[in-house]
Amino acid sequence: MSDERKTLEQRAQMTDIERFRHSAAHVLATAILKIWPEAQFAAGPPVENGFYYDLELDHRISPEDFEKIEAEMKKEVKANHPFERVAVSRDEALAMANRGVLGALGERSSPSKFKLDIIQNIPEGEEISLYRNGEFTDLCAGPHVMRTGNIGAFKLTHVASAYYKGDEKNPQLQRIYGTAFKNKTQLDEYFAMLEEAKKRDHRKLGKELELFTFDDDVGPGLPLWLPRGAAIIDELEKLARETEFAAGYQRVRSTNLARESLYIKSGHLPYYKESMFPPMEVHETGDRKPETGEAEDLSEIRNPKSAIKYYLKAMNCPHHHKMYAALPRSYRDLPLRLAEYGTCHRYEQSGELFGLMRVRSLQMNDAHLYMTPDQFESEFNAVNEMYLKYFKLFGIDRYVMRFSTHDPARLGEKFVDEPELWKQTEDMTRGVLQRAGINYVEVPNEAAFYGPKIDVQVWSAIGREFTIATNQVDFAQPRRFNLVYKDRDNTEKTPLCIHRAPLGTHERFIGFLIEHYAGNFPLWLSPEQVRILPIGDEAPLLNYSRAILDELRSHQVRAVLDASTDHIKAKISNAEQMKVHTMLVIGARDMEANAVSVRVHGKGNLGAKPREEVIADLLSSIKDRRA
RNA sequence: GCCGACGUAGCUCAGCUGGUAGAGCAACGGUUUCGUAAACCGUAGGUCACGAGUUCGAAUCUCGUCGUCGGCUCCA
């Protein structure tokens with residue numbers, strides 16, 4: 001295993017399916033060694049839907065090799081070797097690793113170096129065991145299935161790379177992923193499910209539904225929102241505005257860049273610099289000067305300090321803190337809730353970019369709440385309630401609340417060095433969560449640098465986990481910014497701050513919603529809410545259709561008229577493919593009755609209805625944001 | 001950032017071991033006036049991501065750059 005070694009207790013609890021997936025990893029290693037005996041193996045655990053094994057090998061394993069490897073695996077399964085457990089002493093294990101027999105088919109000239117390292121990291125006193133299947137022996141705590149023949153249906157899926165023990169300072173290994181199920185039927189179902197998931201992929205739907213695009217000249221991770229995508233953004237912002245207004249928030253606007261000094265004060269530069277775009281240098285005179293440019297005259301060389309660095313903002317908080325500081329604050333002003341759908345830029349590593357889910361330019365549903373300590377609980381609860389209200393509206397029910405705390409070992413490096421405040425705020429937050437009866441998992445070492453946080457984790461269509469929303473406690477920045485309020489007793493005190501973004505960022509949230517709805521947005525969110533489809537293109541019919549179009553638009557409904565010469569079947573097909581929510585099919589019969597025929601995406605033809613009734617229904621559904 | 005794979009018309013893709021690019025849909029021009037998922041005919045559209053190199057000849061081979069994807073690391 002990697003540095004996150006499972007305890008023996010956890011291993012004993014491995015499910016049957018995990019056991020045989022883990023056993024399949026041993027069989028994979030056996031097969032690879034038959035072909036490449038020099039391969040050095042590291043860790044090969046079961047994972048969701050399958051297993052992997054990390055190995056070091058000069059030959060680059062490619063998908064073309066899979067057939068060959070699978071054939072060897074099948075031989076091993078067919079041989080039905082028992083998995084034999086052997087307990088050994090630490091010295092024996094080390095000696096075996098030195099003879100190269102661990103993760104191997106027999107003795108080798110070079111030691112089993114990763115196994116050696118793993119043995120050295122096994123805590124003193126813990127039993128060390130080996131597992132054998134056929135000629136293959138591996139260092140392994142188990143457990144396994146009884147025999148290789150018990151392994152059901154499997155298939156190798158992809159090769160990737162992984163750092164040994166997940167540390168980028170360690171060597172990179174090849175990771176071979178496979179998937180394994182009890183039988184062929186379940187395996188086939190799994191692949192069918194993957195095919196379905198691909199259809200939901202927001203990158204695919206985003207292109208097909210013309211929601212957003214990326215362009216090489218604009219830059220990687222910088223999405224361009226097309227009109228249909230921007231329509232969704234507008235609806236989300238409207239939702240946030242209404243919700244926050246009702247909850248006593250005030251909207252503010254801040255700039256997209258600021259001087260270096262702001263981010264030094266906030267602590268972002270020391271803790272967050274890697275994730276920020278490099279600075280722009282601006283001279284006091286106002287002349288821009290690239291860092292590497294040649295000096296134009298001596299005065300510049302003599303005054304190198306005249307350049308001032310500006311950074312694109314990666315977070316809205318420092319700006320909001322400055323707004324707090326702009327006026328004298330009394331305890332009577334608190335809680336103060338400043339909200340902004342702020343645009344931020346983060347220099348994410350190129351390999352981390354992923355469609356809309358991980359971008360470099362993002363608009364965050366941000367707000368900062370400043371409060372006295374005794375207001376914390378009710379503010380924090382109100383924020384959580386806002387989350388839950390949103391999730392209910394969108395029908396999001398598969399999520400996990402993750403309470404992220406600090407790691408005392410990394411104070412001053414990853415986390416601000418305030419051990420007492422960490423303890424206080426973490427206890428306070430944990431207490432609020434427990435009293436509110438919220439289900440959560442606690443994860444150490446994942447906090448923000450300025451305080452503990454609660455993230456809401458969701459999964460993309462292809463199974464990647466993302467933080468969709470966040471609620472963070474900040475005890476560090478208010479002090480750094482000298483934010484104070486005058487309390488009842490006429491003394492100045494430092495407020496607590498909550499950073500929260502229940503709708504996350506437009507990019508990630510919409511990316512998620514595209515997959516969540518599979519592109520079939522509810523009427524209120526639908527990029528094109530109504531398309532009017534006249535049967536034929538005769539003038540009276542078009543006039544009637546236009547009148548309905550104008551009426552809908554006058555009520556801010558996103559409606560479109562298809563006045564093309566396509567046949568009605570083609571018009572319907574086009575609208576269905578674009579997942580237009582409501583189609584109003586209008587023929588001569590409808591016009592004469594002052595009616596429209598309603599067709600709803602996914603529901604088919606609902607028949608003719610009076611024009612007024614249909615329009616009234618559409619308006620109320622949009623207003624109530626009905627699913 | 002690292003390892004690997006990939007990059008052909010707006011989209012989806014074909015183009016074998018090098019001989020100089022093709023289909024369907026979309027677009028455009030006509031014809032069609034059609035009641036619930038694709039009417040017919042025609043036209044146009046590509047420096048084969050970009051830049052070097054090998055070769056008589058490169059979409060095809062090599063190298064580099066950019067981008068995308070699968071992972072790792074990281075995160076809203």
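Proteins come first, then strands; the chains are lettered A, B, ... in the order of their sequence lines, and each starts at number 1.
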Which residue lies toward the 5' end of RNA chain B, A:Val598 or A:Ala448, if each is placed at its nearest nucleotide? A:Val598
In terms of the nearest nucleotide of RNA chain B, which residue is placed more toward the 5' end: A:Arg360 or A:Gly602? A:Arg360
Shortest side-chain distance from [X], nucleotide among [options]:
| X | options | value |
| --- | --- | --- |
| A:Gln349 | B:U12, B:U73, B:G71 | B:U73 |
| A:Leu362 | B:G1, B:U36, B:A76 | B:A76 |
| A:Pro220 | B:U68, B:U73, B:C75 | B:U68 |
| A:Ser597 | B:G35, B:C2, B:A37 | B:G35 |
| A:Gln577 | B:G4, B:G71, B:A38 | B:A38 |
| A:Arg203 | B:C3, B:A76, B:C69 | B:C69 |
| A:Glu352 | B:A76, B:G35, B:C72 | B:C72 |
| A:Ala162 | B:U36, B:G1, B:C72 | B:C72 |

Would you check if A:His567 stacks with the base of B:A39, given a 5.5 Å centroid limit and a 30° plane limit, both strict? yes
NA contact type, A:Glu348, heavy-atom cut-off 4.0 Å: base, sugar-phosphate, or nothing? base
Taking the six-membered ring for Trp and the full ring for Phe, Tyr or His, determine whether the centres of A:Phe449 and A:Tyr272 are under 6.0 Å apart. no
How close or far is atom C1' of B:G4 from atom CG of A:Leu55, stated in whole angstroms? 13 Å
